[in-house]
Amino acid sequence: AQKVTQAQTEISVVEKEDVTLDCVYETRDTTYYLFWYKQPPSGELVFLIRRNSFDEQNEISGRYSWNFQKSTSSFNFTITASQVVDSAVYFCALSEAGDNFNKFYFGSGTKLNVKP
Amino acid sequence: DAGITQSPRHKVTETGTPVTLRCHQTENHRYMYWYRQDPGHGLRLIHYSYGVKDTDKGEVSDGYSVSRSKTEDFLLTLESATSSQTSVYFCAISGPAGEQETQYFGPGTRLLVL
């Protein structure tokens, strides 16, 4: 069975602080994909990043960065110099490749509050 | 942004009435999904479709049925709505060929069953 754990239910930071959102996953497959989505207060789900299991390179996109470590089954998300607009619920997700690649397993989400 | 629309965006209905939610895509992508989102449960898959007339159940399919008669439309039906089906419903589509493992979500439908 697959499982995605986001142990941090809610995090509050002050603007300009750095914050890391943790994601730990479980899978027996060697080929899989990991994702992060953002759900702002308006409610839509916004795709942020996809990583496949063979690519452990960290990725940076502006103030966002992702650290994928297979050794610890983690795919953590860091926001540098946080802003109020970053306030949202962030979901980590796991998907298997192959016949079932279309099935996602979502974490329960981490609510990030960025205060001015 | 992926071209996904959901209708209606908000609906209030009474227990026992049938309800149909529509998901429409303009991307011509193969896979489509219906999820529900509830506090404490995150997103849970109801049904998905891997082509016209090809559908399968997700983890919370009881009380729901789906149909896909055209590539662009995926309908979710609550045959007899219950209060436990009050939720936010999201439709999603897969990415294009080569990126089909990614899912892109519609804006959501808020359903209240009284």
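Since this is a predicted model, take the numbers as computed values, not measurements. We name chains A, B, ... by the order of the sequence lines, and we start the count at 1 in each one.
Within a 6.0 Å radius of NZ in A:K111, no more than 12 heavy atoms belonging to other residues, nucleotides or ligands are found. In A:K70, the NZ atom is crowded: over 12 heavy atoms of neighbouring residues, nucleotides or ligands sit closer than 6.0 Å. Atom CD of A:Q57 has 12 or fewer neighbouring heavy atoms from other residues, nucleotides or ligands inside a 6.0 Å radius. Around atom CD of A:E56, more than 12 heavy atoms belonging to other residues, nucleotides or ligands sit under 6.0 Å away.
Within the model, atoms CZ of B:R44 and CZ of A:F106 stand 13.0 Å from one another, a figure rounded to the nearest 0.5 Å. In this structure, CD on B:Q103 lies 10.5 Å from CG on A:L45, to the nearest 0.5 angstrom. In this structure, CD in A:Q39 is found 9.5 Å from CZ in B:F105, a value given to the nearest 0.5 Å.
In this structure, A:F35 and B:T102 have side chains that are in contact, with non-hydrogen atoms separated by less than 4.5 Å. Using a 4.5 Å heavy-atom threshold, the side chains of A:F104 and B:Y35 count as touching. With a 4.5 Å cut-off on side-chain heavy atoms, B:E59 and A:Y105 do not count as touching.
Scored by the side-chain contact (heavy atoms from CB on, under 4.5 Å) test, B:L114 finds B:V12, B:L112 as partners (sequence neighbours excluded).
Among pairs with a residue in residues 4-99 of chain B, those fulfilling disulfide bond (SG atoms under 2.5 Å apart) read B:C23-B:C91, at least two apart in sequence or across chains.
The closest donor-acceptor contact from the side chain of A:Y37 to the backbone of B:Y104 lies at 3.5 Å or more, if one exists at all.
Taking all atoms of both residues into account, the shortest heavy-atom contact from A:R50 to B:G98 is NH1-O, 4.0 Å.
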